[in-house]
Asker: 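Structure below; questions to follow.
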Amino acid sequence: MLAQQILNGVALGFIYILVSVGLTMVYGVLKLLHFAHGVIYMVGAFAAMIAITYLHLPFALAILFAMAAAALAGVAVERIAYRPLRGAHPIATLISGVGVAIFLENLFQVIFTSDTQAFPETGVEVSVIQLTESVTFTNVKLFIILAGLIGLGLLYAFLKCTRMGIAIQAAAQDMRAASLMGVNVNRVVSVTFMIGSALAAAAGVLVAWNFNSLFPTMGAIPGLKAFCVVVLGGLGSIPGTIAGGLILGIVESLSDGFMTGMVVDKDAIAFVILILILLVRPSGLFGKHVEKV
């Protein structure tokens, strides 16, 4: 039972990681809490549905189509909601992001209705892998873990081995200094939003496929939990985001498996643990401690 729940928690943790990495990168570059990120997760799921149902694309290409559509949506959100307010008070940008999220959720409710819809047939059979007598694993969860590992590997290679990746790291350290050294800051910000949105879209598609459902508000809770993962791991820290996502996923899975029938919801237990950790280390697991002046 313990091994089964830990395995489920790892798969859930990689979903949180895919969603949270974008938030971490955006905060690292702009020091901005991107509250419209959860709705991009939803946009990816619906884009995959459109690709399969109306464009008749195979599932693999539908995921790539969803990532591309979400990347464009992320860039549009940055251009419309955040760029005009760059340098303004953080509350102004936060409210702008919340407004865009509400607008997009309502727009999708008008187009697709607010009802929960079944995810279209992908042509990929869902099978159960028997690891031991008591531990099973579906190929969907295996795909989630593989997608997380591949996404993180490609992101690491991009940040370490490309000029744009190095420019993103430079802007994250000091945007003004990077601009003075010739870095195109606007392009860096756009690419950051593209990458984060594409990874969130991949998570949205895999979750919609796993639970065979999608609806316009499906990104609200994952978006909120992504913020918790980012804060838990340390704002702006990708290794912290990975650790925080796995911790939150495993804790939720264990509470769901061993506290069945209790009044307390598994989400509440996860947030309580988050609060306890932050009481001990307010900067997060991998965050930098700043001395008070």
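We count residues from 1, following the sequence as given. Just so it is clear, the structure is predicted and the values come from calculations on it, not from any experiment.
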Asker: Do the side chain of N8 and the main chain of S253 share a donor and acceptor less than 3.5 angstrom apart?
Answerer: no
Asker: Are L72 and M194 close enough, and set up right, to give a side chain to side chain contact (heavy atoms under 4.5 Å, CB included), and what steps lead you there?
Answerer: CA-CA 7 Å; L72 293 177; M194 288 178 63; 5.9 Å; no
Asker: Check whether any side-chain N or O of N139 sits under 3.5 Å from a backbone N or O of S127 as a donor-acceptor pair, and report yes or no.
Answerer: yes
Asker: So, the side chain of N106 versus the backbone of I102: is there a donor-acceptor pair under 3.5 Å, distance only?
Answerer: yes
Asker: Please name the pair of heavy atoms, one in M175 and one in V189, separated by the smallest distance, quoted to 0.1 Å.
Answerer: CE-CG2, 4.3 Å
Asker: Using a 3.5 Å cut-off and no angle test, enumerate the donor-acceptor pairs between side-chain atoms of residues 144-165 and protein atoms at least two apart in sequence or in another chain.
Answerer:
unit_1	atom_1	unit_2	atom_2	d
T162	OG1	F158	O	2.5
T162	OG1	G165	N	3.0

Asker: Does the T192 side chain pair with the main chain of V188, one donor and one acceptor, at a distance under 3.5 Å?
Answerer: yes
Asker: For the side chain to side chain contact (heavy atoms under 4.5 Å, CB included) test, which of L232, V229, V231 pairs with T241?
Answerer: V229
Asker: Which pair of heavy atoms, one from K141 and one from A11, lies closest together, and at what distance?
Answerer: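 For K141 and A11, the tightest heavy-atom pair comes out as CB-CB, 3.9 Å.
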Asker: Take a 6.0 Å sphere around CZ of R86 and say whether it holds more than 12 heavy atoms from other residues, nucleotides or ligands.
Answerer: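 Buried by this count: over 12 neighbours within 6.0 Å.
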Asker: Which pairs of donor and acceptor atoms, one on a side chain in residues 33-62, lie under 3.5 Å apart (sequence neighbours left out)?
Answerer:
unit_1	atom_1	unit_2	atom_2	d
H34	ND1	Y82	OH	2.9
H37	NE2	V19	O	2.8
T53	OG1	M49	O	2.9

Asker: Under 4.5 Å between side-chain heavy atoms, counting indirect links through other Ile/Leu/Val/Met/Phe/Trp/Tyr residues: same cluster for V140 and I6 or not?
Answerer: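 Same cluster.
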Asker: Please determine whether side chain to side chain contact (heavy atoms under 4.5 Å, CB included) holds for the pair R83 and S190, giving the CA-CA distance in whole Å, both sets of side-chain angles, and the decisive distance to 0.1 Å.
Answerer: CA-CA 10 Å; R83 186 172 297 184; S190 295; 3.1 Å; yes
Asker: Count I, L, V, M, F, W, Y as connected when their side-chain heavy atoms are under 4.5 Å apart, and connections chain through other members. Are I250 and F137 then in the same cluster?
Answerer: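 Yes, same cluster.
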